[in-house]
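FYI, side chains are in, hydrogens and waters are out, and symmetry mates aren't considered; it's all heavy atoms of this structure.
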Amino acid sequence: MLTAKFKSLFLAAAATIMAGALIIFPQESFDASIRGLNMWWEIVFPSLLPFFIIAETLIGFGVVTLIGVLLEPLMRPLFKVPGVGGFVWAMGMASGFPSGAKFTARMRQEKQLTRIEAERLVSFTNSSNPLFIFGAVSVGFFHNTNLGILLALSHYLGNIFVGIIMRFYGREEETKPLVKKKPLSIKQAFAEMHRTRLKENRPLGKLLGDAVVSSIQTLLMIGGFIILFSVVNKLLFHMHVTGFLANAIQIMLQILQFPLNLSMPFIAGIFEITLGSQMTSGIEEASLMQQAIVVSFILGFSGFSVQAQVASIIADTDIRFFPFFIARIMHGILAGFFAYVLWEPLYNGFTLKIPSNSLPVYGHSEGGILTLYEIMTQLGPLITIISLLLYTFILAKRLLKE
């Protein structure tokens, strides 16, 4: 009872302080809101929407069931999750945060995963997408295409190791009997896919409409969290909370023999990965290797902004958030460790031999190479407007029918 009262008091006090800070720093809050909105408007919405819609249709057509049967021999012994986890893992890596949580929650709602399996799966299927690592961080912040290879490899290797570690999680709570090894059968996989499709009694138009509505509703929620944490991060800085926390981080940096100036970017990255990565790239006192290690940790930890998005998505299920949070800490540490270990053989020994123009480019602008990230910032708002108009049309049509 005392703990519950303290929690209520703490939450009420925190909300009141934030409301007061919004009044005291209105211009700073507005600028932070615009920054978060631009990120969602230009990059997050147009890059995630196609993956969300396609994934919903693949689930409806039974393709995910097919993939699940085929990947069972890999996912079960390696990560101790069903084969459908392979689909969630692939979509999470391709589309980035928080796709893994969305698809894991969907699989759990359809009873294709137990609670323990879902908690294992969500812990290693939420990762940053290649577009953000190569486009925003490597090229946009560091202006170094070769660094993206190191960051991406460290990030995804860390994710794989988190999955392997989490396979030992929840063994004492598992009540489901161990699945017996079955030989891989293409025929059985297609039969399961056919059965799943027959169970789906929605017509194609309804299925696509539901996919669009569900996807855009999720993205609207994601946008709200991005804007909220962009403002919170800025307010904490002006209230000197970030500086206070940075003093504690400096002790850890001293042990690692890192420049103390990295403390502020580190704290910023704990809340929001984009700002933290950008600030880290601007610390001239730190070597590129030290910057890469800090950014790798920030990408692995994901930031409280992404974690809040995941918490909101899994709230409709019985999936617990705490294992996911612990996995994020492990991912950050492992990613930073791999960045350190791979620096000499991969970056100094290999990537420096690769010409800077050897990575894929997508045209040229007056200023030089036009990357996919830059294309997204130009076309992203148009895609977002068209998608929101389509969402409004579908929703209005359904409301009129009711």
Task: Derivation of the side chain to side chain contact (heavy atoms under 4.5 Å, CB included) call for M93 and Y156 - done: CA-CA 8 Å; M93 288 180 66; Y156 296 126; 3.7 Å; yes
What are the two closest heavy atoms between [X] and [Y], and how far apart are they?
{"X": "A118", "Y": "T104", "answer": "O-CG2, 3.5 Å"}
{"X": "L150", "Y": "A339", "answer": "CD1-O, 4.0 Å"}
{"X": "S154", "Y": "A335", "answer": "CB-O, 3.6 Å"}
{"X": "V231", "Y": "A32", "answer": "CA-CB, 3.8 Å"}
{"X": "I314", "Y": "I319", "answer": "CD1-O, 3.8 Å"}
{"X": "S123", "Y": "V162", "answer": "O-CG1, 3.7 Å"}

Do the non-hydrogen side-chain atoms of [X] and [Y] ever get within less than 4.5 Å of each other?
{"X": "L220", "Y": "W40", "answer": "yes"}
{"X": "F225", "Y": "V306", "answer": "no"}
{"X": "I149", "Y": "F134", "answer": "yes"}
{"X": "V294", "Y": "P265", "answer": "no"}
{"X": "S263", "Y": "N247", "answer": "no"}
{"X": "L288", "Y": "Q291", "answer": "yes"}
{"X": "M91", "Y": "F51", "answer": "yes"}

Open item on the list: Salt bridge or not between D31 and R35? Use side-chain N to carboxylate O under 4.0 Å.
Closed with: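 Judged by the 4.0 Å cut-off on N to carboxylate O distance, D31 and R35 do not form a salt bridge.
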Task: Charged N-O contact under 4.0 Å between R108 and E119 - done: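 No, R108 and E119 are not salt-bridged.
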Open item on the list: Using side chain to side chain contact (heavy atoms under 4.5 Å, CB included), reason through F301 and Q307 one step at a time and then give a plain yes or no.
Closed with: CA-CA 9 Å; F301 184 72; Q307 293 180 23; 3.4 Å; yes
Task: F321, CZ: over 12 other non-hydrogen atoms inside 6.0 angstrom - done: yes
- [ ] Evaluate whether atom CZ of F237 has more than 12 neighbouring non-hydrogen atoms of other residues, nucleotides or ligands under 6.0 angstrom away.
- [x]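 Counting other residues, nucleotides and ligands, CZ of F237 stays at 12 neighbours or fewer.
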Open item on the list: Ring of F25, cation from K234 - is the NZ or CZ under 6.0 Å from the centre and inside 45° of the axis?
Closed with: no
Open item on the list: Quick check with a 6.0 Å cut-off and a 45 degree axis cone: is R328 positioned over the face of F324's six-membered ring?
Closed with: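 The answer is yes; both the distance and angle limits are met.
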Once the angle between the rings of [X] and [Y] is folded into 0 to 90°, is it parallel (under 30°), tilted (30 to 60°) or perpendicular (over 60°)?
{"X": "F304", "Y": "F271", "value": "perpendicular"}
{"X": "F266", "Y": "F297", "value": "parallel"}
{"X": "F103", "Y": "F52", "value": "perpendicular"}

Task: Aromatic contact, F132 with F97 (centres under 6.0 Å) - done: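 No.
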Expected output: side-chain [X] to main-chain [Y] donor-acceptor under 3.5 Å:
{"X": "T16", "Y": "A12", "result": "yes"}
{"X": "S214", "Y": "D210", "result": "no"}
{"X": "T384", "Y": "W41", "result": "yes"}

- [ ] Quick one: do K102 and L219 satisfy side chain to side chain contact (heavy atoms under 4.5 Å, CB included)? Show the steps, please.
- [x] CA-CA 11 Å; K102 176 177 170 61; L219 285 166; over 6 Å; no
Open item on the list: With side chain to side chain contact (heavy atoms under 4.5 Å, CB included) as the criterion, how do L260 and Q254 come out once you've worked through the C-alpha distance, each side chain's angles and the decisive distance to 0.1 Å?
Closed with: CA-CA 7 Å; L260 300 183; Q254 281 180 328; 3.5 Å; yes
TODO: Decide whether N233 and E272 meet the rule of one side-chain donor and one side-chain acceptor closer than 3.5 Å.
DONE: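 No - no donor-acceptor pair under 3.5 Å links their side chains.
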